[in-house]
Each structure stands twice: as C-alpha cells, then as structure tokens.
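Okay, structure first, notes after.
Residue numbers begin at 1 in each chain, while the letters A, B, ... track the order of the sequences. Bear in mind that the values here come from a model prediction, so they are computed numbers and not experimental data.
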Protein chains: 4
Amino acid sequence: MPTSRDPTRYEQQRLEAIKAAAAEFAEHGFHGASTAGIARRMGIKQGSLYYYFKSKDEALFEVCMLGIRDYVRRMEVIAASDQPFESRLLATVTSHLSSYREKNEALKVYNTERLYLSEEERTDLKRQGSRYRQLLEGIFEEAAEMGLLRPSVDCHFAALSVIGLCNAWGELIVRDPELNVFDLVQQCTDLLQHGLCAGRQPTQHRG
Amino acid sequence: MPTSRDPTRYEQQRLEAIKAAAAEFAEHGFHGASTAGIARRMGIKQGSLYYYFKSKDEALFEVCMLGIRDYVRRMEVIAASDQPFESRLLATVTSHLSSYREKNEALKVYNTERLYLSEEERTDLKRQGSRYRQLLEGIFEEAAEMGLLRPSVDCHFAALSVIGLCNAWGELIVRDPELNVFDLVQQCTDLLQHGLCAGRQPTQHRG
Amino acid sequence: MPTSRDPTRYEQQRLEAIKAAAAEFAEHGFHGASTAGIARRMGIKQGSLYYYFKSKDEALFEVCMLGIRDYVRRMEVIAASDQPFESRLLATVTSHLSSYREKNEALKVYNTERLYLSEEERTDLKRQGSRYRQLLEGIFEEAAEMGLLRPSVDCHFAALSVIGLCNAWGELIVRDPELNVFDLVQQCTDLLQHGLCAGRQPTQHRG
Amino acid sequence: MPTSRDPTRYEQQRLEAIKAAAAEFAEHGFHGASTAGIARRMGIKQGSLYYYFKSKDEALFEVCMLGIRDYVRRMEVIAASDQPFESRLLATVTSHLSSYREKNEALKVYNTERLYLSEEERTDLKRQGSRYRQLLEGIFEEAAEMGLLRPSVDCHFAALSVIGLCNAWGELIVRDPELNVFDLVQQCTDLLQHGLCAGRQPTQHRG
DNA sequence: AATGAATGAGAGTTCATTCAT
DNA sequence: CATGAATGAACTCTCATTCAT
C-alpha cells in the first residue's frame with residue numbers, strides 16, 4: 001500500500017537532481033561545482049537541468065533543505081520523547097552522525113555552503129538550524145535542572161559543542177566510507193558524557 | 001638606492017598578499033574568491049598580484065601554509081614539554097582556538113579549502129596536518145599509559161575529536177568577533193576532560 | 001465526429017496564435033520575444049505552438065501579413081474610388097491610423113520587425129508595401145495633374161511623408177490607449193494639406 | 001591647439017565600442033545583436049568588450065546617450081537664438097536629419113531600442129527627450145502668439161509631428177546612403193510650413 | 001490537439017592569466 | 001614594481017525546437 005500520493009515523474013526526477021547537486025557541491029564546493037557536473041551525474045544534458053531548477057542557487061537551496069529537513073524533524077521527536085537524558089543524547093548523536101551516511105552529502109553541503117545563499121534563503125534555513133540548537137539546548141536545560149549535568153556546564157555551550165563535534169565527525173564519515181558509524185556514535189556519546197580523563201577532580205595538579 | 005639583496009620589502013608585501021588572500025578565501029571560499037578581490041584588499045591592481053603569486057592556486061597553498069605552520073610548530077613545543085597531561089591539553093586547546101583569532105582566517109581556509117589544492121600540494125600539507133594529529137595522539141598515548149585516561153578512550157578518536165571540536169569552535173570564533181576565546185578555552189578543555197554529565201562514571205573499571 | 005474538411009476551428013485558433021504573437025512581438029521585439037510568452041498569452045503550452053507555426057520566423061511572417069493585408073486592400077479601394085483628392089487623403093489617414101487601434105499591434109510589428117525576416121519572406125511583403133506606396137503616389141500624381149498640389153511638391157516624397165507621419169503617430173497610438181484617433185486624423189490631414197504656417201504661400205507661382 | 005584635455009586611450013576605445021554597438025544594434029536590434037558582433041566590429045575579442053562595458057545593457061544606454069546628447073544640445077541653441085520662426089524650423093529639421101547621417105546609427109537606436117532599457121535608465125533618457133520636445137513646442141508657441149501659425153494648429157501636435165516626420169525620414173536616411181539629406185531638409189520644411197495642397201481653403205468641398 | 005520532457009546551440013558574463021610598457 | 005589592456009576558456013542560463021505519448 002503506497003503512501004497517499006505517489007510522487008509524479010517530475011518530482012522523482014527533481015529529487016534525483018537535488019541529490020546529484022548535493023554530491024557535486026560536496027565534492028567541489030558550491031562555486032567550484034558546475035551545472036554540467038550535476039547534469040552528468042543525472043545522465044541528462046546541462047541545459048535540461050533548468051527544467052528542474054530555476055538557477056544554480058535554487059539547487060543549493062534545495063540541497064540545504066534536503067540536508068536539514070528530517071534532521072530537524074528527528075530532533076523534534078527526540079526532544080518530545082520522555083526518555084531519560086542519556087538516551088536522548090545517544091539518540092541525538094545517532095541521528096546526527098547517521099544523517100551523514102544516509103543523506104548523501106546534503107547535510108555536509110548545508111554546513112559548509114549555506115553561507116553562499118542569498119540573504120532571504122538563508123534566513124529561511126536559519127530558522128530550522130536555530131530550532132535544532134534550541135531543542136538540543138532545551139534537553140540540556142532539563143537535565144541541568146535534574147542535576148544530571150556538572151554545575152560548570154553551560155547549556156548553550158554544550159549544545160553547540162555537540163553539534164560541532166558531530167559535524168566534525170560527519171565530515172570524516174562522508175569522506176571515508178569505511179568508518180563505522182555505530183562505533184563512532186558510542187565513542188562520541190561517551191566522550192560527551194564523561195570526557196576523556198579518569199578520576200573526577202576538575203583541576204587536579206599533580207607533582 | 002635599493003639593491004636586489006634587500007628582500008625585506010618584497011617579503012613584507014608578499015605576506016600582505018597572503019593575508020589578503022586568506023581573508024578573501026575565508027569570505028568567499030576559494031572558488032568564489034576573485035584575484036581582483038585580493039588585489040583590492042591590498043590596494044593594488046589585479047595584474048600586479050602575479051608579482052607575488054604564480055597563480056591563484058599558489059596563493060591558496062601559501063595561505064594554507066601560513067595557517068598551519070606555527071600551528072604545528074606550537075604543537076611540537078607542547079608535545080616536547082614535560083608538563084603534566086592536563087596542562088598540555090589546555091595548551092593545545094589554547095593554541096588551537098587562539099590561532100583562529102590571530103591568523104587572519106588562514107587556519108579556517110586551511111580547514112575548508114585545502115581540498116581544492118592539487119594532489120602534490122595537498123600531500124605537502126597533509127604531512128604537516130598528520131604530524132599535528134600524531135603529536136596530539138602521542139600525548140594521549142602517554143597519558144593512557146599513565147592511567148590518566150578512562151580505559152574506554154581510543155587515542156586516535158580522542159585526537160580527532162579534540163581537533164574537530166576546536167575547529168568547530170574556531171569557525172564560530174572567526175565569524176563572531178565578540179566571542180571570548182579565553183572562556184571558550186576553559187569550557188572546551190573542561191568538556192574534553194570530564195564530559196558533560198555529573199557523577200559516577202559508569203565504565204570506570206580500572207586495574 | 002469532426003472531419004478533416006472542417007478547418008474552421010483550426011483556423012480560428014491559428015488566428016489567435018498570430019494575434020498573440022503580434023502582441024508579444026510588439027512588446028518585446030522579435031528577438032526579445034519568446035515562444036513561451038506567445039503560448040502563455042494563448043493559454044497553451046510552449047510546445048503546442050508548433051501545431052500552428054513551423055517556426056518563430058513563420059509566426060513573424062504571419063503577423064506581418066496580418067498587419068498589411070487589409071491595410072493594402074483598403075488602399076486599393078481608396079485609390080479606385082472616384083472621390084475628390086482631399087477625401088481620399090482623409091480616407092488614407094483614417095485607414096492608416098485606425099489600423100493601429102484595430103489590428104492588435106500587427107501593423108507596428110510589420111513596420112519595426114519585418115527586416116528580421118528572411119530575404120524571400122521580405123520580398124513577398126515588400127511587394128505589398130510597395131503597392132501601398134505606389135497607390136498613394138498615384139493619388140498624388142492625379143492630384144498634381146489637376147493642379148491641386150503646390151508645384152514644389154514631389155509625389156514620391158509626399159507619399160513617403162504621409163506614410164512616415166502616420167507610422168510615427170501609430171507608434172504613439174499603440175503605446176497610449178487614451179489617444180483620440182479621430183482627432184488625430186483631422187489634425188494630420190490638416191497638416192498634410194495646409195502645413196503649419198499661416199498666410200501667403202511663398203512659392204506659389206502657378207501657370 | 002587640441003581641446004583642454006585629450007581623451008585618454010581608454011576613452012577613445014570606449015567611444016569606438018559605443019559606435020560599434022550602435023551599428024550592431026541598428027542592424028539587428030538590441031536583442032538580436034550579439035556582443036560578439038560588436039567586438040568583431042572593433043577588432044577585439046568578445047570578452048574584452050567587458051573592459052569597456054559592464055553589460056550589454058550599459059552599452060545600449062551609452063549608445064542612446066550618444067544618440068541624443070548633442071541632438072538636444074543643438075536644439076537648445078536653436079531655441080535660444082533670436083532668428084525668425086521659419087529659420088528655426090529649418091534649423092531644427094536640418095539638425096534632426098543630419099544627425100542621422102553623422103551619428104552613425106545611434107539616434108536610430110535611441111528611437112527604436114530605448115524601450116528595452118531598465119526603468120531607471122529610461123527615465124534618465126526621457127528627461128532629455130522631453131526637453132527636446134518642449135523646446136520645440138516652445139518655438140511653436142512663440143510663433144503662434146505672433147500669429148505665424150494657422151489657428152487650427154495645436155503646438156503639442158505640431159512638435160510631435162515634426163519629430164515623427166523627421167524620424168521616419170531618418171530611418172530611410174540610415175538605410176539608404178544615397179539619399180540627399182540637403183534636398184530632404186528643404187522638402188520636409190516646405191511640407192511642414194505649407195502642406196501639400198495648393199490654395200488656402202481648409203475644408204473645401206468641390207462639386 | 002496538446003503536452004511533458006528533453007535537447008543543443010548560443011547567449012552574456014566572469015575571471016585567471018599574460019605581457020608590453 | 002606596477003599597470004592597462006587584452007585574452008580565451010569556462011560558466012550559467014535561455015530558448016527555439018523536437019518528439020513520444
């Protein structure tokens with residue numbers, strides 16, 4: 001039983017175009033990428049791309065949208081769930097890192113190329129990005145209230161750090177298809193929760 | 001009466017050119033940047049740039065070099081010192097983050113644009129980047145042998161995570177001149193050492 | 001059950017297409033106009049236009065034809081009539097100027113865009129245009145023989161001037177829908193007959 | 001003794017470019033013309049054009065400016081002079097028609113292609129065009145007050161008719177290099193002053 | 001009778017690069 | 001040292017046209 005509305009052929013092809021653009025932008029950067037390259041990946045001629053995009057800029061915008069759409073949606077689900085904090089952190093990291101594997105390179109493109117969009121397109125996206133960070137920040141604030149975080153931890157800093165760490169690993173995931181995302185999720189979550197050092201004294205002078 | 005054996009002025013101007021290129025590349029990306037823009041920042045004309053660079057590619061290479069040269073050198077110093085582990089971690093983070101403030105965006109350019117260099121130029125740089133990572137990894141390995149790290153921590157993962165986290169914050173530092181780097185250093189180091197969560201490390205079975 | 005021998009509907013639609021093309025060409029010029037624009041005016045899709053035209057060039061040709069066909073035909077009637085000279089001049093101007101209102105810009109397109117047609121298409125049209133001028137010239141020659149024109153008047157010059165003046169006003173008529181064509185006809189005819197100046201014609205040495 | 005400031009080489013070449021553009025636009029219309037064609041006329045390569053123009057649009061604007069600049073200036077002189085009316089009319093027609101010979105095709109381009117300019121560029125030009133018409137209208141009003149015009153003549157209509165008639169002949173002058181402009185000036189002026197018909201009765205019913 | 005999809009040629013434009021001066 | 005002038009290749013984008021359905 002298919003979903004309520006089958007995508008038209010046009011919609012299907014347009015999605016292909018967006019994915020091809022994502023790959024091309026990820027490889028060469030927005031300005032270094034050529035519409036010819038995108039078309040080649042799709043197996044159509046360059047001019048035909050413009051049947052699906054009004055401009056290269058629009059292509060970038062659509063790629064960025066593809067990159068964060070479900071990404072934000074998943075965070076909504078995680079934030080709304082009543083799981084314990086540590087599960088939600090794990091879920092967040094899992095969602096974030098596995099997005100890099102699943103979404104072609106759209107998320108990477110969102111991260112590195114969105115600043116080349118026009119003002120208005122960017123604000124449209126920024127709303128989504130901010131929402132993600134706020135949801136994550138909210139999770140930390142809840143945890144802080146429950147005394148689950150170390151007192152020195154700032155929630156804003158924490159959220160940005162989680163995002164930053166995941167994006168850094170995401171870049172590596174995209175570049176290296178051998179990387180085991182599952183292991184990485186464990187390690188990142190572990191790092192975020194407990195840090196690298198043994199013991200518990202924050203500023204321990206030795207010798 | 002200037003003579004050919006006074007390279008100072010040329011070297012000075014060349015450094016200006018590299019910094020101008022760094023700024024231009026940081027703002028528009030390598031492919032989005034124009035040699036005209038670089039020249040404008042220097043107050044010279046487009047064609048005159050070629051007195052300092054053989055090509056735009058070379059400019060990128062020099063920017064990247066500027067970006068990591070002292071950056072690696074400082075890590076050499078840190079690694080060679082006999083300070084305790086935690087001081088060295090602090091020194092590493094300090095060096096990394098403050099580089100983003102001091103180096104005119106060159107480090108950012110190194111991170112995001114170096115992949116557009118030719119194969120050989122890249123290997124030249126990669127040596128330096130790898131060296132940095134190895135030194136850092138070495139520090140972690142020493143610490144691990146001394147039992148300073150939690151046993152679940154993988155040193156390779158740790159080194160890449162430190163670099164990734166610092167780069168992520170570095171991007172923010174470059175974009176937002178108001179950010180207090182000193183505070184950030186404290187917070188990052190704290191996070192890396194002890195993580196976000198309070199209390200009972202669950203996987204602490206030592207000896 | 002429609003049969004191939006009922007061309008009416010097709011002919012109707014084709015006429016619509018020609019008028020749409022006329023409007024598009026008048027607004028953007030031949031080269032600036034797009035087949036998409038023509039189709040949009042008709043409410044059909046771009047590709048469907050080719051059911052009515054073999055090419056954009058053919059469309060231009062048809063528009064030009066529409067523009068001058070009855071225009072010439074009316075002049076034939078005027079020239080053949082036995083009205084006095086001044087009535088014929090009035091009729092000519094009336095026909096010319098009101099064509100601009102009635103013919104959906106086709107006459108304007110004929111005037112300004114016909115030079116973009118191929119050699120052979122143009123000669124086809126030129127016959128009609130020349131015929132118009134010759135008929136008008138003939139009217140003047142008749143009048144000259146009857147001593148109705150000032151002796152200094154050259155009939156070829158007169159015909160071209162009438163056409164030129166009417167075309168100039170025609171452009172304004174097309175652009176400004178408020179212009180009162182009836183008044184304009186009076187004024188133009190008056191100008192052509194008696195000029196602008198009062199009194200004693202200086203070169204009036206007759207007989 | 002050269003004028004106070006010799007044009008630089010750049011200014012010279014830019015003027016050449018404008019003239020080449022005028023010729024190209026006159027022949028193919030703005031949209032039908034190609035920058036390659038303009039460059040070819042100048043003997044430079046297509047891309048080099050952009051050293052002199054920011055865009056094809058700017059080229060059109062400059063051509064139009066060239067077309068009317070002195071054209072308006074000359075009318076200022078004529079309007080300011082204290083010659084009798086008939087001399088000024090003659091001067092106007094002379095200036096107008098000879099402009100078509102002298103100015104390459106810039107004036108023709110101004111007439112037929114200016115509507116493809118952007119809104120703001122057009123208003124800039126419109127000021128000049130309106131000024132021309134107003135000056136001419138002023139000449140007619142003066143003449144009317146002195147009783148030199150037939151009472152039925154409307155000065156606004158008269159000015160537009162003079163302009164329209166001259167433009168119509170201008171087109172022919174541009175297209176046909178054999179046309180004798182001097183003769184034409186006489187004929188046009190004569191027509192405008194006294195009309196085509198002998199006698200002086202405006203609405204004379206015969207028979 | 002009409003359309004969706006694609007094409008390919010050509011357009012305007014940008015830009016790294018060169019070089020005589 | 002530096003520039004003005006030019007180049008040519010690449011790029012994005014447009015559009016008349018075709019054709020299976």
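Applying the 4.0 Å criterion to OP1 and OP2 of dG4(F), one finds that Lys45(B) has a side-chain N or O inside that range. Put simply, Ser55(B) has no side-chain N or O that comes within less than 4.0 Å of OP1 or OP2 on dA16(E). Put simply, Arg9(D) has no side-chain N or O that comes within less than 4.0 Å of OP1 or OP2 on dT21(E). The side chain of Tyr50(D) contributes an N or O atom lying less than 4.0 Å from OP1 or OP2 of dT13(E). Regarding contacts with the backbone of dA2(F), every side-chain N or O of Tyr51(B) stays at 4.0 angstrom or more from both OP1 and OP2. Phosphate contact (OP1/OP2 of dG12(E), side-chain N/O of Thr35(D), threshold under 4.0 Å): present. Taking only side-chain nitrogens and oxygens, Gln46(B) never comes nearer than 4.0 Å to OP1 or OP2 of dT3(F).
Contact annotation for Leu49(C): no contact, since no heavy-atom pair falls under 4.0 Å across all strands. Across all strands shown, Tyr52(B) has heavy atoms under 4.0 Å from sugar-phosphate atoms exclusively, and none from any base. Within the 4.0 angstrom heavy-atom criterion, no nucleotide atom of any strand lies near Ala39(C). The residue Ser34(C) sits close only to the backbone: its heavy atoms come under 4.0 Å of sugar-phosphate atoms, none of a base. Using a 4.0 Å heavy-atom distance criterion, Ala59(D) is classed as making no nucleic acid contact.
The main-chain N or O of Leu60(C) is never found under 3.5 Å from a side-chain atom of Tyr116(C) such that the two would form a donor-acceptor pair. No side-chain donor-acceptor contact under 3.5 Å links Glu58(C) to the backbone of Ser55(C). The main-chain N or O of Leu115(B) is found under 3.5 Å from a side-chain atom of Arg122(B) such that the two form a donor-acceptor pair.
Side-chain contact between Arg41(C) and Lys19(C) is absent, with no heavy-atom pair separated by less than 4.5 Å.
With rounding to whole Å, Glu58(A) atom CD is found 14 Å from dT12(F) atom C1'. Remark: C1' of dT17(E) and CG of Asp57(B) are 12 Å apart, rounded to the nearest angstrom. One can place CD1 of Ile44(A) at 14 Å from P of dC13(F), the figure rounded to the nearest angstrom. Rounding to whole angstrom units, CD1 of residue Ile38(B) and C1' of dT17(E) are separated by 13 Å.
Between the side chain of Gln13(B) and the base of dC1(F) there is no donor-acceptor pair of N/O atoms closer than 3.5 Å.
Ion pairing between Lys56(A) and Glu113(A) fails under the 4.0 Å rule for side-chain N and carboxylate O.
Of all nucleotides present, only dG10(E) satisfies the Watson-Crick or G-U wobble test against dC13(F), with each distance under 3.5 Å. With a cut-off of 3.5 Å on both Watson-Crick or G-U wobble distances, the partner of dA20(F) is given as dT3(E).
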